[in-house]
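Encoded as structure tokens, the structure appears first; notes follow it.
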Amino acid sequence: MRSIATNSLLPLIVALLIAGSNASLPRRGSRNQSQNRTMSAGKAFKVLVTHPEVPQEGIDLLKENCEIVQVQSVPINRAELLEKIRGVDGVLWGGHEPLNAEALDAAGPQLKSISTMSAGIDYVDVPEVKRRKIPLGHTPTVLNTAVADLAVGLLIAASRRFHEGRKTIDNDKWENYHLNWLLGQDIRDSTVGFYGFGGIGQAIAKRLSGFDIDKVLYTTRRRVHKEIEEEFNAKKVDFDTLLAESDFVVIASPLTKDTQGVFNATAFNKMKQTAVLVNIARGKIVNQDDLYEALKANRIFSAGLDVTDPEPLSPKDKLLTLDNVVVLPHIGSATKRTRADMSTIAAHNVLRGLAGEPMLSPAY
């Protein structure tokens with residue numbers, strides 16, 4: 001089914017939280033389910049929050065029923081994290097530190113519930129977590145709105161040369177006496193191609209429909225439902241067709257071994273010279289050296305990036321010397337409301353995992 005939009009998801013979350021606050025959760029070490037006590041009667045579980053800036057909404061939810069331990073260092077000190085994770089029953093993984101066997105070993109065998117506070121989980125050793133049969137949650141969908149808004153902003157900024165235009169002001173080169181000065185690409189009547197067309201991709205397409213685009217092409221492993229195709233005038237195509245026919249190419253797919261580096265010199269050579277690339281997914285999906293060469297040679301028109309490889313990007317990176325690229329520091333979900341909602345869902349995931357119940361938003 002189609003991903004639930006944020007505004008329809010939140011009432012569901014609230015309802016589940018109310019129901020969850022009255023649910024009975026087994027006490028640590030309890031052998032007799034009839035002797036279980038509710039979490040509100042005593043804080044039977046210990047939960048680690050791995051970042052000091054996790055929004056209070058999630059913290060408060062956990063505090064109702066759990067003893068909270070929180071990492072205080074920023075950037076995260078790995079030694080502090082590994083020390084504080086010892087003996088905990090649940091973890092709200094608030095940053096993008098590697099969640100791997102080292103951390104799981106440090107926690108101990110009693111660990112029974114983990115949730116990240118992110119949609120992407122490429123920093124998680126998922127096979128290792130699954131091998132240990134630990135429920136894992138994450139927070140997709142709720143960030144669709146914020147990321148989609150930013151993607152449209154990047155698309156406009158890159159196609160209409162915002163960065164280059166600002167530099168002309170900074171360098172006292174405002175040349176508005178030319179009629180063809182800083183001409184950009186039109187969104188109207190364009191073909192927008194999506195590499196990945198899940199909840200975020202569809203949210204972007206919904207916003208772009210207000211710009212009178214012509215059609216949507218998408219490349220995914222599976223075809224989306226027919227009604228979604230009809231809503232967005234969308235057609236599933238192979239990767240080469242997507243590259244050749246799209247005026248705008250939006251990367252909205254997870255990072256996997258199959259998607260890593262797929263946007264390389266070969267791909268850029270198949271795109272229109274007037275094409276604009278937007279990446280709001282993961283930096284490693286793009287071969288950044290090849291992108292630099294394509295932009296420098298004007299093989300494609302421009303790019304808008306919220307993600308890079310590596311992150312943080314060095315201020316001396318050659319990509320930043322170009323006029324035809326807009327780069328942001330991975331702020332797609334960075335709104336107060338979105339981060340608060342992410343912390344709430346992550347906390348609820350942890351609580352449900354501790355209760356032995358299905359998570360609201362399971363990663364597998």
Side-chain angles (χ1 to χ4, degrees), residues 51-53 73-79 81 94-98 118 120 122-123 146-147 149-175 181-182 184-185 195 248-257 259-269 271 273-335 339:
H51 200 290
E53 296 173 0
S73 55
V74 178
I76 301 303
N77 182 296
R78 186 72 172 179
L81 188 155
H96 290 79
E97 285 287 308
S118 63
D122 47 284
Y123 54 90
V147 175
D149 289 348
L150 182 128
V152 173
L154 276 174
L155 187 147
I156 295 170
S159 64
R160 296 298 301 272
R161 304 168 75 170
F162 282 15
H163 176 61
E164 185 178 359
R166 172 57 191 265
K167 287 179 70 174
T168 67
I169 299 172
D170 292 341
N171 296 322
D172 195 24
K173 294 183 178 180
W174 192 318
E175 300 176 358
W181 188 55
L182 287 176
Q185 303 298 327
Y195 185 73
F248 298 89
V249 176
V250 180
I251 303 174
S253 70
L255 173 63
T256 68
K257 58 181 176 58
T259 64
Q260 183 169 343
V262 70
F263 281 85
N264 54 22
T266 301
F268 297 133
N269 286 334
M271 292 171 64
Q273 193 169 356
T274 54
V276 175
L277 179 73
V278 174
N279 187 8
I280 45 79
R282 286 291 186 265
K284 288 183 180 294
I285 297 174
V286 175
N287 182 312
Q288 205 157 282
D289 287 333
D290 289 355
L291 175 61
Y292 170 80
E293 296 298 335
L295 290 168
K296 184 179 179 182
N298 293 314
R299 181 61 197 82
I300 62 174
F301 185 77
S302 62
L305 311 174
D306 185 43
V307 290
T308 59
D309 179 26
E311 293 181 5
L313 190 66
S314 168
K316 297 181 180 180
D317 192 281
K318 60 186 177 182
L319 195 66
L320 301 179
T321 66
L322 300 174
D323 290 339
N324 57 342
V325 61
V326 179
V327 183
L328 298 178
H330 202 158
I331 55 172
S333 65
T335 71
R339 290 287 166 83

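Heavy-atom basis, side chains included; hydrogens, waters and symmetry copies ignored.
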Going from [atom1] on [X] to [atom2] on [Y], what distance comes out if it is rounded to the nearest 0.5 angstrom?
X: Thr168; Y: His163; atom1: OG1; atom2: NE2; value: 11.0 Å
X: Ile280; Y: Leu155; atom1: CD1; atom2: CG; value: 11.0 Å
X: Gln288; Y: Lys318; atom1: CD; atom2: NZ; value: 9.0 Å
X: Phe162; Y: Leu182; atom1: CZ; atom2: CG; value: 11.5 Å
X: Ile156; Y: Gln185; atom1: CD1; atom2: CD; value: 14.0 Å

Residue pair [X] / [Y]: nearest heavy atoms and the distance that separates them:
X: Val74; Y: Glu53; result: CG2-OE2, 4.2 Å
X: Ser159; Y: Ser302; result: N-OG, 4.0 Å
X: Val286; Y: Phe268; result: CG1-CZ, 4.0 Å
X: Ala158; Y: Val276; result: CB-CG1, 3.8 Å
X: Ser253; Y: Ala281; result: O-CB, 3.2 Å
X: Ile300; Y: Asn324; result: O-ND2, 4.2 Å

Are the side chain of [X] and the backbone of [Y] linked by a donor-acceptor contact shorter than 3.5 Å?
X: Asn77; Y: Ser73; result: no
X: Glu311; Y: Thr308; result: yes
X: Asp317; Y: Leu319; result: yes
X: Gln273; Y: Phe301; result: no
X: Thr259; Y: Pro254; result: yes
X: Asn287; Y: Asn264; result: no
X: Arg299; Y: Met271; result: yes

Is it the case that Ser118 and Tyr123 place a side-chain donor and acceptor less than 3.5 Å from each other?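 The answer is yes; a qualifying pair exists.
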Trace of the side chain to side chain contact (heavy atoms under 4.5 Å, CB included) decision for Ile285 with Arg282: CA-CA 6 Å; Ile285 297 174; Arg282 286 291 186 265; 4.2 Å; yes
Test log, rule salt bridge (Lys or Arg N to Asp or Glu O under 4.0 Å), inputs Lys284 and Asp122: CA-CA 11 Å; Lys284 288 183 180 294; Asp122 47 284; over 6 Å; no
For Tyr195 and Val262: C-alpha separation, side-chain torsions, deciding distance, then whether side chain to side chain contact (heavy atoms under 4.5 Å, CB included) applies. CA-CA 10 Å; Tyr195 185 73; Val262 70; 3.6 Å; yes
Scan Arg166, Arg161, Arg160 and name whichever one has a side-chain contact (heavy atoms from CB on, under 4.5 Å) with Glu164.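 Exactly one option meets the side-chain contact (heavy atoms from CB on, under 4.5 Å) with Glu164, and it is Arg161.
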Which residue in the set Asp309, Asp306, Val307 passes side-chain contact (heavy atoms from CB on, under 4.5 Å) when paired with Asn279?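 In the set Asp309, Asp306, Val307, the residue that makes a side-chain contact (heavy atoms from CB on, under 4.5 Å) with Asn279 is Val307.
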Mind checking whether [X] and [Y] have side chains closer than 4.5 Å, heavy atoms only?
X: Leu154; Y: Leu328; answer: yes
X: Val278; Y: Phe248; answer: no
X: Pro98; Y: Arg78; answer: yes
X: Phe263; Y: Leu291; answer: no
X: Pro52; Y: Ile76; answer: yes

